[in-house]
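Numbered from 1 within each chain, the chains take letters A, B, ... in sequence-line order.
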Amino acid sequence: MKGRTKIFNLNTKDAGNKIVVMGWVRTFRKSKNVSFVSLNDGSTINSLQVVLDMNKFDEKIIDNINTGSSLRVEGELVKSSGKNQKYELLGDNIVILGKSNPDTYPIQPKKHSFEFLREVAHLRPRTNTFSSIFRIRHACTFAIHKFFNDRGFVNIHTPIITSSDAEGAGEMFKVTSLDLDNISGKMVDYSKDFFSKPVSLTVSGQLNAELGALALSDVYTFGPTFRAENSNTSKHLAEFWMIEPEMAFYDIDDNMDLAEEMLKYIIKYVLDNCNSDLIFLENLELDSERNLPQIKRNENPLIYRLKQVVNNKFIRVRYDEAFKILSNSKQNKKGKFKFKIDEWGIDFQSEHERYLVEKHFKNPVIVCDYPKKIKAFYMRSNDDGRTVAAMDVLFPAVGEIIGGSQREERLDMLERRMQEMNVSKKELSWYLDTRRFGTVKHSGFGLGLERLVQFITGMKNIRDVIPFPRTPGSCNY
RNA sequence: GCCUUCUUAGCUCAGUUGGUUAGAGCAGUAGACUGUUAAUCUAUUGGUCCUAGGUUCGAGUCCUAGAGAAGGCGCCA
């Protein structure tokens, strides 16, 4: 690979240099004497224009330059006389690395629907939109690791296969090595299975992360998460990536501070490092909204929305206040909510969350101190006896992006809650040990990576921010 | 899981109250063109109208079932 230059490294300063680039043809504009190839290697959204003197090249080479084919081009980088680029490559020597039959190659130099591109998910990274999204997704991933590393957090690899079915975060996928094609009507004998007991794919690394926090102080997990829920929405995947920090000695306020700081850090990192991708996605969104009625459009363009999040303090409200705001809202009094806000203790529906974020505050909102009966067993009971120290970070468009809490560190309280909610103390005795031996107050939260990438890229469907989406009835590639 | 909508050329879509031989743009192919920017211009190929039944003299259009997709809701990240 010696001598090859990636396109994102090119610069007008390199004009006059002999270089070698490799990439895939986006478009080929052919005419008798001079032709133009847009070559993209995925290192940047910007394709490099290769200029070909048609008299210099064999017909065999020219005929195989098609949309999708891969080339090695050697030539001199020069200042461009065209308007849309500052520099271009005068092609001297071209090698066709891989042919592409234009008759059957599905990606055309034109606008495709996201639905169609989902059906060719193996090739969609070759489009501007998806290469931008995946570069931004990578930037988010990198920023997350950097954020935590800079603050002395330890990355814990929590297990993907778990024997605990008590996490309570949703339906689980079973993992087995039993011959499923050959199971009789009898009860399954799990003692014959690989782990000698029923096991599943993880729905959350939190309980394991807590074990790490109660030894290493600050830890985080960042791994795949699996939910077998039959959710058919633009915000749910059966396989997604979740970031779960867990911090010893943090109370719920420290927890909220960290969540806000982290989200701002990641978004700022993307703003600072993925500018051309964001500009592309912003224009794509403006373009797609051109024909929509005003109410269906975003109030502000993408980059403005991102800067707004970075530059404004998140609004923090307790459930009680949020409940009052919602129940006194015109929307509620006029019966415009599908689910009326009437009795204290109900869980908010997404229409209520959107009202708070998009109509009332027009800002990201953190709601905390939820009624205990709608939250999980491990959340710390507040002194009022009816709420727990839980918090949800609500974002415009994507809704709940983070869910977290201060954990119940008092053994007797935790055991009482487990009893009430029918969680097996025996199965989670390892978890309870942290409360038996040197318990401390601690907190944590879960961030859905795809929902964050959705917000940052403005993509409407979560299936378009993960390379290979898994959803009910769909597991391809 | 529930509700609604959609499925017509490789892609994006049009197709009138059910009426003859199903259309357009783009892509592809052939050609033209000295600098293009999803190049342009000329010509042209391309159809199991999602599948299976049914109603009708006649179905892309109506009815039933199924498959797939999208949007909304619930569950959540």
- Query: How is Leu237(A) classified with respect to the nucleic acid when contacts are heavy atoms under 4.0 Å: base, sugar-phosphate, or nothing?
  - Reply: base
- Query: Is the backbone of Asn64(A) close enough, under 3.5 Å, to the side chain of Ser69(A) for a donor and an acceptor to pair up by distance?
  - Reply: yes
- Task: Remember a base hit wins even if backbone is also touched, and classify Gly82(A) as base, sugar-phosphate or nothing at under 4.0 Å, heavy atoms.
- Result: base
- Hey, which of Phe116(A), Phe114(A), Phe130(A) is the one that makes side-chain contact (heavy atoms from CB on, under 4.5 Å) with Arg124(A)? Phe130(A)
- Query: Once you round it to whole Å, what is the distance between P of C73(B) and CG of Asn230(A)?
  - Reply: 16 Å
- Sugar-phosphate, base or nothing in reach of Leu447(A), heavy atoms under 4.0 Å: nothing
- When all nucleic acid strands are considered with a 4.0 Å heavy-atom cut-off, which category describes Thr225(A): base, sugar-phosphate, or nothing? nothing
- Message: Mind checking if Arg26(A) touches a base, just sugar-phosphate, or nothing, with heavy atoms under 4.0 Å?
- Response: nothing
- By salt bridge (charged side-chain N to carboxylate O under 4.0 Å, His left out), which residues pair with Lys375(A), not counting sequence neighbours? Asp392(A)
- Task: Look at the side chain of Ser231(A) against the base of C75(B) and say whether a donor-acceptor pair falls under 3.5 Å; ignore hydrogens and angles.
- Result: yes
- Task: In whole angstrom, give me the gap between the P atoms of G60(B) and A67(B).
- Result: 24 Å
- At under 4.0 Å between heavy atoms, what does Glu88(A) touch on the DNA or RNA strands: base, sugar-phosphate, or nothing? base
- Query: Is a donor-acceptor pair below 3.5 Å formed from side chain Glu351(A) to base G72(B), judging by atom type as modelled?
  - Reply: no
Using nucleotides 5-12 of chain B, report all nitrogen or oxygen pairs with the protein that are shorter than 3.5 Å.
from, atom 1, to, atom 2, distance (Å)
G10(B), N2, Gln108(A), OE1, 3.1
G10(B), N2, Gln108(A), NE2, 3.2
G10(B), N3, Gln108(A), NE2, 3.3
C11(B), O2', Lys110(A), NZ, 3.3
C11(B), O2', His112(A), ND1, 3.4
C11(B), O2, Lys110(A), NZ, 2.5
U12(B), OP1, Ser113(A), OG, 2.7

- Query: When all nucleic acid strands are considered with a 4.0 Å heavy-atom cut-off, which category describes Thr67(A): base, sugar-phosphate, or nothing?
  - Reply: nothing
- For RNA chain B, what string of dots and brackets results from 5' to 3' when Watson-Crick and G-U pairs need both distances under 3.5 Å, crossing pairs get [ ], and pairs with another strand get |? (((((((..((((.....[...)))).(((((.......))))).....(((((..]....))))))))))))....
- Message: I'd like to know if Arg227(A) reaches the base of A77(B) with its side chain such that a donor and an acceptor end up less than 3.5 angstrom apart.
- Response: yes
- Item | 5' precedence on RNA chain B between Pro472(A) and Trp241(A) (nearest-nucleotide basis) | Pro472(A)
Identify all side-chain donor-acceptor contacts of residues 255-263 of chain A below 3.5 Å with residues at least two apart in sequence or on another chain.
from, atom 1, to, atom 2, distance (Å)
Asn255(A), ND2, Ser405(A), O, 3.4
Asn255(A), ND2, Gly444(A), O, 3.1
Asp257(A), OD1, Arg316(A), NH1, 2.9
Asp257(A), OD1, Arg316(A), NH2, 2.9
Glu260(A), OE1, Arg316(A), NH2, 3.1
Glu260(A), OE2, Lys264(A), NZ, 2.8
Glu260(A), OE2, Phe314(A), N, 3.0
Glu261(A), OE2, Arg151(A), NE, 3.3
Glu261(A), OE2, Arg151(A), NH2, 3.0

- Within residues 27-41 of chain A: residues closer than 4.0 Å to RNA chain B (heavy atoms): Thr27(A), Arg29(A), Lys30(A), Ser31(A), Lys32(A), Asn33(A), Phe36(A)
Return a table of donor-acceptor pairs under 3.5 angstrom between the side chains of residues 134-142 of chain A and protein atoms on other chains or two or more places apart.
from, atom 1, to, atom 2, distance (Å)
Arg135(A), NE, Asp277(A), OD1, 3.4
Arg135(A), NE, Asp277(A), OD2, 3.1
Arg135(A), NH1, Gly42(A), O, 2.8
Arg135(A), NH2, Ser131(A), OG, 3.4
Arg135(A), NH2, Asp277(A), OD1, 2.8
Arg137(A), NH1, Glu450(A), OE2, 3.1
Arg137(A), NH1, Val465(A), O, 2.9
Arg137(A), NH2, Glu450(A), OE2, 3.0
Thr141(A), OG1, Arg137(A), O, 3.0

- Message: From CD of Glu229(A) over to P of C2(B), roughly how many Å is that when rounded to an integer?
- Response: 15 Å
- Task: Would you kindly give the CZ-to-C1' distance between Phe339(A) and G72(B), to the nearest whole Å?
- Result: 11 Å
